[in-house]
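Since the structure comes first, as structure tokens, the remarks are kept for the end.
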Amino acid sequence: QVQLVESGGGLVQAGGSLRLSCAASGRTFSSYGMGWFRQAPGKEREFVAAISRSGSSTYYADSAKGRFTISRDNPKNTVDLQMNSLQPEDTAVYYCAATRSILSVTTESYDYWGQGTQVTVSS
């Protein structure tokens with residue numbers, strides 16, 4: 001079992017930045033691939049970014065590419081999402097998730113989820 005807790009969400013103006021953080025419980029954090037997903041009102045949850053178990057590989061949705069950066073610190077059991085150049089369409093609840101796969105971009109592949117943190121981008 002893995003428990004995940006996101007933090008760092010908030011209200012930001014268009015063009016601004018936020019850094020989300022996800023803290024994981026346990027001593028097996030490095031055995032999980034990690035991902036960030038988001039869900040806007042009335043829409044399905046969508047993939048944002050993923051990072052492999054070791055942190056050596058990353059993958060981004062087209063919407064995040066060039067603006068967002070995912071990173072992890074295995075000794076500290078944390079994974080972060082640095083979000084720059086935020087736009088109103090980035091407004092959503094952002095979720096941290098863990099998968100037993102090395103790296104995955106599908107919701108169905110993830111076994112554990114955090115409670116989510118709200119990101120609101122105003123224009």
Side-chain angles (χ1 to χ4, degrees):
Q1 291 290 321
V2 175
Q3 292 186 343
L4 307 171
V5 180
E6 304 97 331
S7 63
L11 175 64
V12 65
Q13 295 185 56
S17 299
L18 284 174
R19 188 177 184 89
L20 307 183
S21 184
C22 175
S25 65
R27 298 181 295 172
T28 59
F29 179 66
S30 62
S31 68
Y32 295 94
M34 300 296 297
W36 285 96
F37 293 77
R38 68 187 184 187
Q39 187 167 21
K43 297 184 178 180
E44 295 183 352
R45 189 169 300 184
E46 66 175 359
F47 168 77
V48 177
I51 189 166
S52 62
R53 296 167 181 169
S54 66
S56 62
S57 299
T58 59
Y59 196 85
Y60 298 92
D62 287 342
S63 61
K65 200 173 304 179
R67 299 188 300 131
F68 295 2
T69 302
I70 187 171
S71 61
R72 68 189 297 164
D73 187 337
N74 286 344
K76 296 185 180 297
N77 283 15
T78 59
V79 58
D80 289 359
L81 183 69
Q82 177 66 46
M83 304 187 294
N84 299 327
S85 302
L86 285 163
Q87 300 299 313
E89 51 264 39
D90 296 315
T91 295
V93 176
Y94 283 70
Y95 297 90
C96 173
T99 176
R100 296 186 185 277
S101 299
I102 297 174
L103 185 149
S104 178
V105 301
T106 63
T107 302
E108 294 78 9
S109 296
Y110 285 81
D111 303 294
Y112 306 101
W113 295 83
Q115 83 289 347
T117 185
Q118 177 70 49
V119 172
T120 302
V121 184
S122 65
S123 61

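For Phe37 and Tyr110, the gap between ring centers is short of 6.0 Å.
When all heavy atoms of Gly116 and Val93 are compared, the pair lying nearest together is CA-CG1, 3.8 Å. Residues Ser123 and Ala14 come closest through the heavy atom pair CA-CB, 4.4 Å.
Distance alone, capped at 3.5 Å, is enough to place a donor-acceptor pair between the Asp111 side chain and the Arg100 backbone. Of the possible donor and acceptor atoms, none in the side chain of Gln39 sits under 3.5 Å from a partner among the backbone N and O of Ala92. For the pair Arg72 (side chain) and Ser52 (backbone), a donor-acceptor distance under 3.5 Å is present. When atom types are taken as modelled, the side chain of Glu6 and the backbone of Cys96 share a donor-acceptor pair closer than 3.5 angstrom.
Atoms CD and OG1, on Glu46 and Thr107 in that order, are 9.5 Å from each other to the nearest 0.5 Å. In this structure, CZ in Phe47 is found 9.0 Å from OH in Tyr60, a value given to the nearest 0.5 Å. Between the CG atom in Asn77 and the SG atom in Cys22 there is a gap of 10.0 Å [rounded to 0.5 Å]. We find the OG1-CG distance between Thr78 and Asp73 to be 4.5 Å, quoted to the nearest 0.5 Å. Going from atom OG of Ser57 over to atom CD1 of Ile70 covers 11.5 Å, rounded to the nearest 0.5 Å.
No single ILVMFWY cluster, assembled from side-chain heavy atoms under 4.5 Å apart, contains both Leu4 and Val105. Residues Tyr112 and Met34 fall within the same hydrophobic cluster, defined by Ile, Leu, Val, Met, Phe, Trp and Tyr side chains chained together at heavy-atom separations under 4.5 Å. Leu20 and Val12 fall within the same hydrophobic cluster, where Ile, Leu, Val, Met, Phe, Trp and Tyr residues are linked whenever their side-chain heavy atoms come under 4.5 Å apart, directly or through other members. Connection of Tyr95 to Leu81 is not established within any shared hydrophobic cluster, with ILVMFWY side chains joined at heavy-atom distances below 4.5 Å, either directly or through further cluster members. Hydrophobic clustering (side-chain heavy atoms under 4.5 Å, transitive across Ile, Leu, Val, Met, Phe, Trp, Tyr) keeps Trp113 apart from Tyr94.
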Evaluate the criterion side chain to side chain contact (heavy atoms under 4.5 Å, CB included) for residue pair Arg53 and Ser30; output intermediate values, then yes/no.
CA-CA 5 Å; Arg53 296 167 181 169; Ser30 62; 5.8 Å; no

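In this structure, Gln118 and Thr91 have side chains that are in contact, with non-hydrogen atoms separated by less than 4.5 Å. No side-chain heavy atom of Gln87 sits under 4.5 Å from any side-chain heavy atom of Ser63.
Across Thr117, Val119, Asn84, a single residue satisfies side-chain contact (heavy atoms from CB on, under 4.5 Å) together with Leu18, and that is Val119. Among Met83, Gln82, Arg67, the one residue that satisfies the side-chain contact (heavy atoms from CB on, under 4.5 Å) test with Ser17 is Gln82.
Counted within 6.0 Å of CG on Leu103, heavy atoms from surrounding residues, nucleotides or ligands total more than 12; the atom is thus considered enclosed.
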